[in-house]
There are 2 protein chains.
Amino acid sequence: MQVTAEELFLGKSGLYGSDRPMDDQTFSDDEDRRDQEDTRPKYMKIRDAIYRKYIAGRPSNSVIPPERKLAEEFKASRVTIRKAIGKLEADNVVYKVQGGGTYTVEPGIVKSLKLTSFSEDIRARGMVPSSRVLLHERAQADREASWRLKVSPGADVYILRRLRLADGEPMCLEEVTVPLEYVPDIEKQNITGSFYDVLQHKYGLLPVWADQVVSPVVLEPGDVKLLQVAPYSPALKIVRVTFDAKGRRIETTTSLYRGDKYMLHYAVKRD
Amino acid sequence: MQVTAEELFLGKSGLYGSDRPMDDQTFSDDEDRRDQEDTRPKYMKIRDAIYRKYIAGRPSNSVIPPERKLAEEFKASRVTIRKAIGKLEADNVVYKVQGGGTYTVEPGIVKSLKLTSFSEDIRARGMVPSSRVLLHERAQADREASWRLKVSPGADVYILRRLRLADGEPMCLEEVTVPLEYVPDIEKQNITGSFYDVLQHKYGLLPVWADQVVSPVVLEPGDVKLLQVAPYSPALKIVRVTFDAKGRRIETTTSLYRGDKYMLHYAVKRD
DNA sequence: GAGTGGTCTAGACCACTAG
DNA sequence: TAGTGGTCTAGACCACTCG
(Lines give C-alpha, C1' and ligand atoms only; values in the text may rest on other atoms or scores of the structure.)
Protein backbone atom coordinates (compact mmCIF):
# COMPACT_ATOMS: atom_id res chain seq x y z
CA MET A 1 0.00 0.00 0.00
CA GLN A 2 1.26 3.37 -0.92
CA VAL A 3 2.17 5.76 1.84
CA THR A 4 -0.23 8.66 1.97
CA ALA A 5 0.70 12.29 1.90
CA GLU A 6 -0.51 12.58 5.42
CA GLU A 7 1.94 10.08 6.75
CA LEU A 8 4.73 11.53 4.67
CA PHE A 9 4.31 15.15 5.45
CA LEU A 10 1.55 16.36 7.56
CA GLY A 11 2.30 16.90 11.17
CA LYS A 12 0.30 19.05 13.50
CA SER A 13 -0.19 21.89 11.15
CA GLY A 14 0.14 24.47 13.89
CA LEU A 15 -2.71 26.52 12.54
CA TYR A 16 -3.68 29.90 13.86
CA GLY A 17 -0.53 30.48 15.84
CA SER A 18 -1.55 28.03 18.49
CA ASP A 19 1.58 26.09 19.16
CA ARG A 20 3.79 26.29 16.14
CA PRO A 21 7.34 25.21 16.83
CA MET A 22 9.74 27.81 15.46
CA ASP A 23 12.74 26.60 13.53
CA ASP A 24 15.80 28.65 12.76
CA GLN A 25 14.56 29.73 9.36
CA THR A 26 13.54 33.25 8.55
CA PHE A 27 10.04 33.99 9.64
CA SER A 28 7.24 34.96 7.39
CA ASP A 29 5.70 38.41 7.59
CA ASP A 30 2.66 36.96 9.12
CA GLU A 31 4.46 35.58 12.10
CA ASP A 32 6.34 38.79 12.67
CA ARG A 33 3.18 40.79 12.77
CA ARG A 34 1.54 38.39 15.13
CA ASP A 35 4.41 38.62 17.56
CA GLN A 36 4.79 42.32 18.21
CA GLU A 37 1.43 43.94 18.54
CA ASP A 38 -1.68 42.31 17.31
CA THR A 39 -3.31 44.78 14.96
CA ARG A 40 -5.19 42.13 13.06
CA PRO A 41 -8.94 42.52 12.65
CA LYS A 42 -11.08 41.36 15.51
CA TYR A 43 -12.60 38.49 13.55
CA MET A 44 -9.16 36.96 13.00
CA LYS A 45 -8.29 37.09 16.66
CA ILE A 46 -11.65 35.58 17.47
CA ARG A 47 -11.08 32.89 14.87
CA ASP A 48 -7.85 31.95 16.61
CA ALA A 49 -9.41 32.13 20.04
CA ILE A 50 -12.28 29.89 19.01
CA TYR A 51 -9.81 27.49 17.49
CA ARG A 52 -7.69 27.30 20.60
CA LYS A 53 -10.58 27.08 23.02
CA TYR A 54 -13.15 24.94 21.28
CA ILE A 55 -11.45 23.06 18.47
CA ALA A 56 -7.80 22.22 19.11
CA GLY A 57 -7.55 18.86 20.80
CA ARG A 58 -11.27 18.19 20.68
CA PRO A 59 -12.64 15.01 19.14
CA SER A 60 -14.30 15.40 15.77
CA ASN A 61 -17.97 16.27 15.55
CA SER A 62 -17.86 18.14 18.86
CA VAL A 63 -20.35 20.98 18.98
CA ILE A 64 -18.96 24.45 19.42
CA PRO A 65 -21.06 27.08 21.23
CA PRO A 66 -23.81 28.78 19.23
CA GLU A 67 -23.01 32.03 17.51
CA ARG A 68 -25.04 34.16 19.90
CA LYS A 69 -23.21 32.75 22.90
CA LEU A 70 -19.85 33.33 21.23
CA ALA A 71 -20.90 36.89 20.48
CA GLU A 72 -21.46 37.47 24.19
CA GLU A 73 -18.27 35.71 25.21
CA PHE A 74 -16.04 37.66 22.84
CA LYS A 75 -18.03 40.88 23.09
CA ALA A 76 -18.59 41.08 19.37
CA SER A 77 -21.59 41.27 17.12
CA ARG A 78 -22.93 38.09 15.64
CA VAL A 79 -21.82 39.19 12.18
CA THR A 80 -18.23 39.31 13.37
CA ILE A 81 -18.51 35.89 14.97
CA ARG A 82 -19.96 34.55 11.75
CA LYS A 83 -17.03 35.97 9.83
CA ALA A 84 -14.59 34.25 12.18
CA ILE A 85 -16.42 30.95 11.89
CA GLY A 86 -16.62 31.44 8.14
CA LYS A 87 -12.83 31.41 7.99
CA LEU A 88 -12.70 28.24 10.04
CA GLU A 89 -15.21 26.69 7.70
CA ALA A 90 -13.24 27.75 4.63
CA ASP A 91 -10.21 26.04 6.12
CA ASN A 92 -12.24 22.90 6.74
CA VAL A 93 -11.85 23.07 10.47
CA VAL A 94 -15.58 23.14 11.24
CA TYR A 95 -18.82 22.47 9.40
CA LYS A 96 -22.23 23.93 10.02
CA VAL A 97 -25.70 22.41 9.97
CA GLN A 98 -28.56 24.84 9.71
CA GLY A 99 -30.80 24.54 12.70
CA GLY A 100 -28.35 22.10 14.18
CA GLY A 101 -25.11 23.73 15.19
CA THR A 102 -21.45 24.06 14.28
CA TYR A 103 -19.21 21.03 14.62
CA THR A 104 -15.52 20.28 14.55
CA VAL A 105 -14.06 18.38 11.62
CA GLU A 106 -11.84 15.39 12.04
CA PRO A 107 -8.30 16.57 12.70
CA GLY A 108 -5.52 15.58 10.35
CA ILE A 109 -7.61 16.33 7.33
CA VAL A 110 -5.81 18.74 5.11
CA LYS A 111 -6.98 22.26 4.62
CA SER A 112 -7.73 23.95 1.34
CA LEU A 113 -5.13 24.84 -1.24
CA LYS A 114 -3.17 27.98 -0.70
CA LEU A 115 -0.63 29.74 -2.86
CA THR A 116 2.77 28.92 -1.40
CA SER A 117 6.34 28.82 -2.59
CA PHE A 118 8.29 25.60 -2.42
CA SER A 119 10.13 26.85 0.66
CA GLU A 120 6.94 27.70 2.49
CA ASP A 121 5.34 24.46 1.44
CA ILE A 122 8.18 22.28 2.66
CA ARG A 123 8.56 24.23 5.88
CA ALA A 124 4.84 23.88 6.53
CA ARG A 125 5.37 20.15 6.23
CA GLY A 126 7.96 20.27 8.94
CA MET A 127 11.03 19.81 6.76
CA VAL A 128 13.95 22.05 5.90
CA PRO A 129 13.99 23.38 2.32
CA SER A 130 17.18 24.01 0.38
CA SER A 131 18.16 24.28 -3.24
CA ARG A 132 20.94 24.00 -5.80
CA VAL A 133 21.00 26.54 -8.61
CA LEU A 134 21.40 24.89 -12.00
CA LEU A 135 20.84 27.94 -14.18
CA HIS A 136 20.56 31.63 -13.46
CA GLU A 137 20.57 33.93 -16.48
CA ARG A 138 18.77 36.33 -18.71
CA ALA A 139 17.35 34.88 -21.90
CA GLN A 140 14.70 35.29 -24.57
CA ALA A 141 11.24 33.97 -23.82
CA ASP A 142 10.42 30.82 -25.76
CA ARG A 143 7.00 30.30 -27.25
CA GLU A 144 5.46 28.60 -24.25
CA ALA A 145 6.79 31.05 -21.66
CA SER A 146 5.75 34.04 -23.76
CA TRP A 147 2.28 32.60 -24.11
CA ARG A 148 1.98 32.03 -20.40
CA LEU A 149 3.35 35.44 -19.45
CA LYS A 150 1.59 37.24 -22.30
CA VAL A 151 4.77 38.88 -23.54
CA SER A 152 6.07 38.80 -27.09
CA PRO A 153 8.10 35.75 -28.03
CA GLY A 154 11.76 36.64 -27.69
CA ALA A 155 11.13 39.24 -24.99
CA ASP A 156 13.81 39.58 -22.32
CA VAL A 157 13.20 37.30 -19.38
CA TYR A 158 15.10 35.99 -16.39
CA ILE A 159 15.34 32.24 -15.96
CA LEU A 160 16.16 30.43 -12.74
CA ARG A 161 16.49 26.67 -12.78
CA ARG A 162 16.94 24.94 -9.45
CA LEU A 163 16.98 21.52 -7.88
CA ARG A 164 14.96 21.79 -4.71
CA LEU A 165 15.49 19.61 -1.70
CA ALA A 166 13.64 18.81 1.51
CA ASP A 167 15.82 17.72 4.40
CA GLY A 168 18.65 17.37 1.90
CA GLU A 169 16.76 14.99 -0.35
CA PRO A 170 16.01 15.96 -3.97
CA MET A 171 12.33 16.65 -4.27
CA CYS A 172 11.68 18.72 -7.34
CA LEU A 173 13.14 20.38 -10.42
CA GLU A 174 11.90 23.89 -10.91
CA GLU A 175 12.28 26.50 -13.63
CA VAL A 176 11.08 30.03 -12.96
CA THR A 177 10.66 32.60 -15.73
CA VAL A 178 10.10 36.30 -15.02
CA PRO A 179 9.78 39.20 -17.46
CA LEU A 180 13.05 41.08 -17.06
CA GLU A 181 11.29 44.42 -16.84
CA TYR A 182 9.98 43.43 -13.42
CA VAL A 183 13.39 42.36 -12.05
CA PRO A 184 15.96 44.64 -13.72
CA ASP A 185 19.23 43.73 -12.00
CA ILE A 186 18.31 40.34 -10.69
CA GLU A 187 21.40 38.59 -12.03
CA LYS A 188 23.37 40.35 -9.30
CA GLN A 189 21.12 39.02 -6.57
CA ASN A 190 22.08 35.97 -4.60
CA ILE A 191 19.08 33.69 -4.76
CA THR A 192 19.04 31.23 -1.91
CA GLY A 193 15.67 30.76 -0.27
CA SER A 194 12.17 31.65 -1.33
CA PHE A 195 12.03 33.33 -4.70
CA TYR A 196 8.67 34.81 -3.72
CA ASP A 197 10.49 36.61 -0.89
CA VAL A 198 12.91 38.14 -3.38
CA LEU A 199 10.09 39.24 -5.67
CA GLN A 200 8.25 40.79 -2.79
CA HIS A 201 10.98 42.47 -0.79
CA LYS A 202 13.46 43.43 -3.50
CA TYR A 203 11.02 44.30 -6.26
CA GLY A 204 7.71 44.98 -4.55
CA LEU A 205 5.97 42.25 -6.52
CA LEU A 206 3.36 40.61 -4.30
CA PRO A 207 1.97 37.29 -5.53
CA VAL A 208 -1.76 37.18 -4.85
CA TRP A 209 -3.00 34.21 -6.75
CA ALA A 210 -1.89 31.70 -9.33
CA ASP A 211 -3.29 29.50 -12.02
CA GLN A 212 -1.97 25.94 -11.81
CA VAL A 213 -2.12 22.97 -14.17
CA VAL A 214 -1.11 19.55 -12.91
CA SER A 215 -0.34 16.58 -15.11
CA PRO A 216 1.55 13.31 -14.74
CA VAL A 217 4.74 12.65 -16.69
CA VAL A 218 7.37 9.96 -16.95
CA LEU A 219 10.80 11.37 -16.11
CA GLU A 220 13.51 11.60 -18.74
CA PRO A 221 17.05 10.27 -18.14
CA GLY A 222 18.58 13.66 -17.29
CA ASP A 223 15.89 14.51 -14.77
CA VAL A 224 16.03 11.05 -13.26
CA LYS A 225 19.68 11.56 -12.45
CA LEU A 226 19.17 14.93 -10.77
CA LEU A 227 16.21 13.72 -8.75
CA GLN A 228 17.98 10.45 -7.89
CA VAL A 229 15.09 8.18 -8.78
CA ALA A 230 14.78 5.06 -10.91
CA PRO A 231 14.60 5.46 -14.71
CA TYR A 232 11.11 6.15 -16.05
CA SER A 233 9.71 7.05 -12.64
CA PRO A 234 6.43 8.97 -12.61
CA ALA A 235 6.39 12.63 -11.58
CA LEU A 236 3.91 15.44 -11.14
CA LYS A 237 4.38 18.29 -13.55
CA ILE A 238 2.98 21.53 -12.17
CA VAL A 239 2.81 24.57 -14.40
CA ARG A 240 2.03 27.79 -12.61
CA VAL A 241 1.35 31.37 -13.66
CA THR A 242 1.40 33.84 -10.78
CA PHE A 243 -0.57 37.10 -10.70
CA ASP A 244 -0.28 40.13 -8.47
CA ALA A 245 -3.11 42.27 -7.11
CA LYS A 246 -3.22 44.31 -10.32
CA GLY A 247 -3.68 41.21 -12.44
CA ARG A 248 -0.16 41.34 -13.88
CA ARG A 249 1.55 38.05 -14.69
CA ILE A 250 4.66 38.29 -12.59
CA GLU A 251 6.18 34.87 -13.10
CA THR A 252 5.63 31.39 -14.45
CA THR A 253 7.11 28.20 -13.05
CA THR A 254 7.33 24.66 -14.33
CA SER A 255 8.07 22.07 -11.68
CA LEU A 256 8.65 18.34 -11.72
CA TYR A 257 7.93 16.68 -8.39
CA ARG A 258 9.06 13.14 -7.56
CA GLY A 259 6.01 10.92 -7.56
CA ASP A 260 7.27 8.76 -4.72
CA LYS A 261 7.87 11.60 -2.30
CA TYR A 262 5.40 14.29 -3.14
CA MET A 263 1.64 14.27 -3.49
CA LEU A 264 -0.98 16.93 -3.72
CA HIS A 265 -3.39 16.80 -0.85
CA TYR A 266 -6.37 19.10 -0.53
CA ALA A 267 -10.02 19.43 0.31
CA VAL A 268 -12.78 20.27 -2.16
CA LYS A 269 -16.28 21.45 -1.38
CA ARG A 270 -19.71 21.25 -2.87
CA ASP A 271 -20.97 24.53 -4.23
CA MET B 1 4.49 22.01 -26.72
CA GLN B 2 1.96 20.24 -24.67
CA VAL B 3 -1.65 21.12 -25.11
CA THR B 4 -3.02 22.85 -22.06
CA ALA B 5 -6.10 21.90 -20.13
CA GLU B 6 -7.68 25.09 -21.27
CA GLU B 7 -7.46 24.24 -24.91
CA LEU B 8 -8.58 20.70 -24.27
CA PHE B 9 -11.53 21.30 -22.09
CA LEU B 10 -12.49 24.71 -21.07
CA GLY B 11 -15.09 26.42 -23.11
CA LYS B 12 -17.16 29.31 -21.96
CA SER B 13 -17.88 28.02 -18.54
CA GLY B 14 -21.41 29.36 -18.54
CA LEU B 15 -21.17 30.52 -14.96
CA TYR B 16 -24.03 31.94 -13.00
CA GLY B 17 -26.72 30.87 -15.42
CA SER B 18 -25.76 33.52 -17.89
CA ASP B 19 -25.87 31.72 -21.22
CA ARG B 20 -25.30 28.09 -20.57
CA PRO B 21 -26.16 25.93 -23.54
CA MET B 22 -28.38 23.09 -22.42
CA ASP B 23 -27.63 19.64 -23.72
CA ASP B 24 -29.99 16.72 -23.65
CA GLN B 25 -28.58 15.33 -20.42
CA THR B 26 -30.48 15.32 -17.19
CA PHE B 27 -30.29 18.61 -15.40
CA SER B 28 -28.78 19.14 -12.01
CA ASP B 29 -30.89 20.27 -9.10
CA ASP B 30 -29.32 23.61 -9.27
CA GLU B 31 -30.55 24.30 -12.73
CA ASP B 32 -34.04 23.07 -11.97
CA ARG B 33 -34.36 25.38 -9.03
CA ARG B 34 -33.12 28.31 -11.03
CA ASP B 35 -35.68 27.68 -13.72
CA GLN B 36 -38.96 27.56 -11.88
CA GLU B 37 -39.09 30.18 -9.19
CA ASP B 38 -36.01 31.85 -7.92
CA THR B 39 -36.02 31.41 -4.17
CA ARG B 40 -32.28 31.77 -3.85
CA PRO B 41 -30.93 34.35 -1.42
CA LYS B 42 -30.72 37.89 -2.62
CA TYR B 43 -26.94 37.95 -2.59
CA MET B 44 -26.79 35.06 -5.06
CA LYS B 45 -29.15 36.76 -7.46
CA ILE B 46 -27.13 39.93 -7.15
CA ARG B 47 -23.94 37.98 -7.73
CA ASP B 48 -25.38 36.69 -10.98
CA ALA B 49 -26.73 40.09 -11.96
CA ILE B 50 -23.37 41.74 -11.34
CA TYR B 51 -21.69 39.02 -13.33
CA ARG B 52 -23.99 39.43 -16.30
CA LYS B 53 -24.00 43.20 -16.27
CA TYR B 54 -20.47 44.17 -15.35
CA ILE B 55 -18.22 41.18 -15.90
CA ALA B 56 -19.32 38.85 -18.71
CA GLY B 57 -17.76 39.94 -21.95
CA ARG B 58 -15.75 42.76 -20.39
CA PRO B 59 -12.01 42.99 -20.87
CA SER B 60 -9.88 42.05 -17.88
CA ASN B 61 -9.01 44.66 -15.28
CA SER B 62 -12.19 46.60 -15.97
CA VAL B 63 -13.47 48.39 -12.89
CA ILE B 64 -16.89 47.40 -11.62
CA PRO B 65 -19.02 50.01 -9.83
CA PRO B 66 -18.22 50.72 -6.18
CA GLU B 67 -20.10 48.80 -3.53
CA ARG B 68 -22.18 51.76 -2.42
CA LYS B 69 -23.39 52.38 -5.97
CA LEU B 70 -24.24 48.71 -6.42
CA ALA B 71 -26.17 48.82 -3.14
CA GLU B 72 -28.34 51.59 -4.55
CA GLU B 73 -28.74 49.94 -7.91
CA PHE B 74 -29.84 46.60 -6.50
CA LYS B 75 -31.67 48.08 -3.52
CA ALA B 76 -29.67 46.11 -1.04
CA SER B 77 -27.46 46.92 1.91
CA ARG B 78 -23.76 47.18 1.40
CA VAL B 79 -23.20 44.01 3.44
CA THR B 80 -25.31 42.05 0.98
CA ILE B 81 -23.44 43.51 -1.97
CA ARG B 82 -20.17 42.60 -0.31
CA LYS B 83 -21.38 39.05 0.16
CA ALA B 84 -22.23 38.82 -3.53
CA ILE B 85 -18.87 40.23 -4.55
CA GLY B 86 -17.20 37.93 -2.04
CA LYS B 87 -18.55 34.96 -3.97
CA LEU B 88 -17.26 36.37 -7.23
CA GLU B 89 -13.88 36.87 -5.61
CA ALA B 90 -13.84 33.32 -4.24
CA ASP B 91 -14.48 32.09 -7.77
CA ASN B 92 -11.63 34.21 -9.07
CA VAL B 93 -13.87 36.32 -11.25
CA VAL B 94 -12.90 39.64 -9.69
CA TYR B 95 -10.18 40.94 -7.41
CA LYS B 96 -10.29 43.87 -5.02
CA VAL B 97 -7.78 46.58 -4.19
CA GLN B 98 -8.38 48.42 -0.97
CA GLY B 99 -8.86 52.07 -1.63
CA GLY B 100 -8.73 51.31 -5.33
CA GLY B 101 -11.74 49.39 -6.51
CA THR B 102 -12.93 46.01 -7.71
CA TYR B 103 -11.67 44.70 -11.03
CA THR B 104 -12.49 41.89 -13.41
CA VAL B 105 -10.08 39.01 -13.78
CA GLU B 106 -8.91 37.78 -17.13
CA PRO B 107 -11.53 35.46 -18.59
CA GLY B 108 -10.61 31.89 -19.42
CA ILE B 109 -8.78 31.46 -16.17
CA VAL B 110 -10.17 28.55 -14.29
CA LYS B 111 -12.10 28.96 -11.12
CA SER B 112 -11.35 27.30 -7.82
CA LEU B 113 -11.69 23.58 -7.19
CA LYS B 114 -15.14 22.31 -6.47
CA LEU B 115 -16.35 18.89 -5.46
CA THR B 116 -17.82 17.31 -8.56
CA SER B 117 -18.54 13.85 -9.86
CA PHE B 118 -16.92 12.65 -13.06
CA SER B 119 -20.19 13.19 -14.91
CA GLU B 120 -20.54 16.76 -13.71
CA ASP B 121 -16.91 17.46 -14.37
CA ILE B 122 -16.97 16.22 -17.94
CA ARG B 123 -20.27 17.91 -18.68
CA ALA B 124 -18.90 21.18 -17.32
CA ARG B 125 -16.10 20.78 -19.82
CA GLY B 126 -18.61 20.59 -22.62
CA MET B 127 -18.34 16.88 -23.32
CA VAL B 128 -20.72 13.98 -22.93
CA PRO B 129 -19.90 11.55 -20.11
CA SER B 130 -20.62 7.85 -20.29
CA SER B 131 -19.34 4.71 -18.61
CA ARG B 132 -18.89 0.96 -18.82
CA VAL B 133 -19.42 -1.03 -15.67
CA LEU B 134 -16.56 -3.47 -15.04
CA LEU B 135 -17.54 -4.63 -11.59
CA HIS B 136 -20.65 -4.12 -9.47
CA GLU B 137 -20.84 -6.22 -6.33
CA ARG B 138 -20.81 -6.44 -2.58
CA ALA B 139 -17.52 -7.37 -1.01
CA GLN B 140 -15.41 -7.14 2.13
CA ALA B 141 -13.43 -3.96 2.67
CA ASP B 142 -9.71 -4.43 2.14
CA ARG B 143 -7.18 -2.81 4.42
CA GLU B 144 -6.84 0.41 2.47
CA ALA B 145 -10.56 0.98 1.93
CA SER B 146 -11.35 0.22 5.56
CA TRP B 147 -8.71 2.69 6.67
CA ARG B 148 -10.06 5.38 4.39
CA LEU B 149 -13.70 4.79 5.34
CA LYS B 150 -12.92 4.15 9.01
CA VAL B 151 -14.78 0.85 9.07
CA SER B 152 -13.41 -2.45 10.31
CA PRO B 153 -11.39 -4.44 7.79
CA GLY B 154 -13.67 -7.02 6.27
CA ALA B 155 -16.80 -4.93 6.79
CA ASP B 156 -19.47 -5.22 4.11
CA VAL B 157 -19.02 -2.73 1.32
CA TYR B 158 -20.30 -2.13 -2.16
CA ILE B 159 -17.75 -1.84 -4.95
CA LEU B 160 -18.36 -0.27 -8.34
CA ARG B 161 -15.59 -0.34 -10.89
CA ARG B 162 -16.17 1.57 -14.10
CA LEU B 163 -14.40 2.73 -17.19
CA ARG B 164 -15.45 6.31 -17.71
CA LEU B 165 -15.55 7.99 -21.07
CA ALA B 166 -15.86 11.51 -22.43
CA ASP B 167 -17.37 11.84 -25.88
CA GLY B 168 -16.93 8.08 -26.19
CA GLU B 169 -13.22 8.16 -25.48
CA PRO B 170 -11.79 6.31 -22.46
CA MET B 171 -10.71 8.86 -19.90
CA CYS B 172 -10.44 7.24 -16.52
CA LEU B 173 -10.70 4.05 -14.51
CA GLU B 174 -12.65 4.48 -11.33
CA GLU B 175 -13.36 2.30 -8.34
CA VAL B 176 -15.95 3.45 -5.82
CA THR B 177 -16.32 1.82 -2.40
CA VAL B 178 -19.28 2.53 -0.11
CA PRO B 179 -20.11 1.01 3.28
CA LEU B 180 -23.02 -1.33 2.54
CA GLU B 181 -25.01 -0.01 5.51
CA TYR B 182 -25.51 3.26 3.65
CA VAL B 183 -26.72 1.64 0.42
CA PRO B 184 -28.60 -1.52 1.45
CA ASP B 185 -30.08 -2.82 -1.80
CA ILE B 186 -27.81 -1.07 -4.24
CA GLU B 187 -27.00 -4.20 -6.23
CA LYS B 188 -30.51 -3.99 -7.65
CA GLN B 189 -30.04 -0.45 -8.84
CA ASN B 190 -29.09 0.26 -12.40
CA ILE B 191 -26.09 2.55 -12.20
CA THR B 192 -25.68 4.55 -15.35
CA GLY B 193 -24.85 8.21 -14.79
CA SER B 194 -23.61 10.11 -11.79
CA PHE B 195 -23.09 7.93 -8.75
CA TYR B 196 -23.42 11.04 -6.58
CA ASP B 197 -26.96 11.41 -7.96
CA VAL B 198 -27.79 7.88 -6.85
CA LEU B 199 -26.34 8.46 -3.40
CA GLN B 200 -28.30 11.64 -3.03
CA HIS B 201 -31.67 10.80 -4.49
CA LYS B 202 -31.98 7.11 -3.67
CA TYR B 203 -30.24 7.09 -0.29
CA GLY B 204 -30.35 10.68 0.94
CA LEU B 205 -26.57 10.87 1.18
CA LEU B 206 -25.45 14.37 0.26
CA PRO B 207 -21.74 14.80 -0.46
CA VAL B 208 -20.55 18.07 1.05
CA TRP B 209 -16.80 17.93 0.83
CA ALA B 210 -14.01 15.54 0.06
CA ASP B 211 -10.39 14.98 0.87
CA GLN B 212 -8.29 14.29 -2.23
CA VAL B 213 -4.76 13.05 -2.76
CA VAL B 214 -3.21 13.28 -6.20
CA SER B 215 -0.11 11.41 -7.31
CA PRO B 216 1.45 10.39 -10.62
CA VAL B 217 1.72 6.76 -11.63
CA VAL B 218 2.87 4.72 -14.60
CA LEU B 219 0.03 2.61 -15.95
CA GLU B 220 0.15 -1.17 -15.76
CA PRO B 221 -0.55 -3.38 -18.79
CA GLY B 222 -4.16 -4.18 -17.87
CA ASP B 223 -5.07 -0.56 -17.32
CA VAL B 224 -3.26 0.52 -20.47
CA LYS B 225 -5.51 -1.77 -22.49
CA LEU B 226 -8.74 -0.47 -20.98
CA LEU B 227 -7.71 3.16 -21.35
CA GLN B 228 -6.35 2.56 -24.87
CA VAL B 229 -3.03 4.27 -24.33
CA ALA B 230 0.58 3.30 -25.01
CA PRO B 231 2.31 0.96 -22.54
CA TYR B 232 3.83 2.69 -19.52
CA SER B 233 1.93 5.91 -20.09
CA PRO B 234 1.74 8.30 -17.16
CA ALA B 235 -1.56 8.81 -15.34
CA LEU B 236 -2.96 10.84 -12.47
CA LYS B 237 -4.06 8.76 -9.53
CA ILE B 238 -6.69 10.53 -7.48
CA VAL B 239 -7.80 9.06 -4.18
CA ARG B 240 -10.86 10.65 -2.69
CA VAL B 241 -12.80 10.29 0.54
CA THR B 242 -16.19 11.99 0.51
CA PHE B 243 -17.93 13.35 3.60
CA ASP B 244 -21.51 14.43 4.18
CA ALA B 245 -22.71 17.35 6.31
CA LYS B 246 -22.55 15.24 9.44
CA GLY B 247 -18.93 14.35 8.87
CA ARG B 248 -19.68 10.75 7.90
CA ARG B 249 -17.44 9.08 5.33
CA ILE B 250 -19.93 8.11 2.68
CA GLU B 251 -17.65 6.81 -0.05
CA THR B 252 -14.09 6.53 -1.24
CA THR B 253 -12.95 6.49 -4.85
CA THR B 254 -9.67 5.67 -6.52
CA SER B 255 -9.36 6.97 -10.07
CA LEU B 256 -6.72 6.71 -12.75
CA TYR B 257 -6.90 9.51 -15.31
CA ARG B 258 -5.08 9.39 -18.63
CA GLY B 259 -2.20 11.82 -18.48
CA ASP B 260 -2.52 12.81 -22.12
CA LYS B 261 -6.19 13.78 -21.94
CA TYR B 262 -6.84 14.96 -18.44
CA MET B 263 -5.18 17.58 -16.31
CA LEU B 264 -6.05 19.27 -13.07
CA HIS B 265 -6.51 22.98 -13.52
CA TYR B 266 -7.26 25.34 -10.65
CA ALA B 267 -6.50 28.63 -8.98
CA VAL B 268 -4.77 29.07 -5.65
CA LYS B 269 -4.72 32.16 -3.50
CA ARG B 270 -2.44 33.81 -1.03
CA ASP B 271 -3.73 33.71 2.50
C1' DG C 1 -9.54 65.50 0.20
C1' DA C 2 -12.68 62.50 -1.99
C1' DG C 3 -13.65 57.99 -2.87
C1' DT C 4 -12.70 53.21 -2.34
C1' DG C 5 -12.80 48.76 0.09
C1' DG C 6 -12.33 46.66 5.24
C1' DT C 7 -14.36 46.16 9.60
C1' DC C 8 -17.93 46.32 13.00
C1' DT C 9 -22.41 47.10 15.37
C1' DA C 10 -27.39 46.07 17.09
C1' DG C 11 -31.18 44.37 15.75
C1' DA C 12 -34.59 41.85 12.81
C1' DC C 13 -36.87 38.00 10.48
C1' DC C 14 -36.60 33.43 8.18
C1' DA C 15 -35.57 28.28 7.58
C1' DC C 16 -34.30 24.45 9.59
C1' DT C 17 -33.33 20.80 13.41
C1' DA C 18 -34.10 18.97 17.48
C1' DG C 19 -36.32 17.13 21.82
C1' DT D 1 -41.69 24.88 20.60
C1' DA D 2 -37.13 26.47 21.51
C1' DG D 3 -32.82 27.06 19.67
C1' DT D 4 -29.82 26.94 15.83
C1' DG D 5 -27.66 28.87 11.66
C1' DG D 6 -28.95 31.92 7.17
C1' DT D 7 -30.06 36.29 5.49
C1' DC D 8 -30.57 41.21 5.55
C1' DT D 9 -30.68 46.10 7.04
C1' DA D 10 -28.89 51.06 8.00
C1' DG D 11 -25.49 53.14 9.69
C1' DA D 12 -20.67 54.04 11.46
C1' DC D 13 -15.67 54.48 11.47
C1' DC D 14 -11.08 53.06 9.68
C1' DA D 15 -7.25 52.21 6.15
C1' DC D 16 -5.94 52.82 1.88
C1' DT D 17 -5.39 54.79 -3.11
C1' DC D 18 -5.53 58.31 -6.19
C1' DG D 19 -5.63 62.75 -8.41
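All values below were derived from every heavy atom in this structure, side-chain atoms included, with hydrogens, water molecules and symmetry-related copies excluded. Below, chains carry the letters A, B, ... as their sequence lines are ordered, and counting in each starts from 1.
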Can any side-chain N or O of [X] pair as donor or acceptor with the backbone N or O of [Y] at less than 3.5 Å?
X: A:Arg82; Y: A:Glu67; answer: no
X: A:Thr104; Y: A:Ser62; answer: yes
X: A:Arg240; Y: A:Asp211; answer: no
X: A:Ser117; Y: A:Glu120; answer: yes

Do [X] and [Y] get their side chains close enough for a donor-acceptor pair, meaning under 3.5 Å?
X: B:Asn61; Y: B:Tyr95; value: yes
X: B:Tyr196; Y: B:Thr242; value: yes
X: B:Tyr51; Y: B:Asp91; value: no

Nearest-nucleotide 5' precedence on DNA chain D, A:Val97 against B:Thr80: A:Val97

query: If you find the nucleotide of DNA chain D closest to B:Arg78 and the one closest to B:Lys83, which residue's nucleotide is nearer the 5' end?
result: B:Lys83

task: Residues of residues 58-77 of chain B with any non-hydrogen atom less than 4.0 angstrom from an atom of DNA chain D: list those, numerically ordered, please.
output: B:Arg68, B:Lys75, B:Ala76, B:Ser77

- line: CZ of B:Arg248 to OH of B:Tyr182, rounded to nearest 0.5 Å, is 5.0 Å

field: Between CG on residue A:Leu88 and CD1 on residue A:Ile64, distance to nearest 0.5 Å
entry: 7.0 Å

query: With nearest nucleotides of DNA chain C determined for A:Gln98 and A:Val79 from heavy-atom distances, which residue corresponds to the more 5′ nucleotide?
result: A:Val79

- prompt: Which sits closer to the 5' end of DNA chain C, A:Tyr103 or B:Lys96, going by the nucleotide each is nearest to?
  reply: B:Lys96

query: Given that both pair distances must be under 3.5 Å and the pair must be Watson-Crick or G-U, what runs of three or more consecutive pairs involve DNA chain C?
result: C:1-18 with D:1-18

field: Nucleotide interval of DNA chain C bounded by contacts with chain A (heavy-atom cut-off, under 4.0 Å)
entry: C:dT7 to C:dT17

query: Ion pair present between B:Lys202 and B:Asp197, side-chain N to carboxylate O less than 4.0 angstrom?
result: no

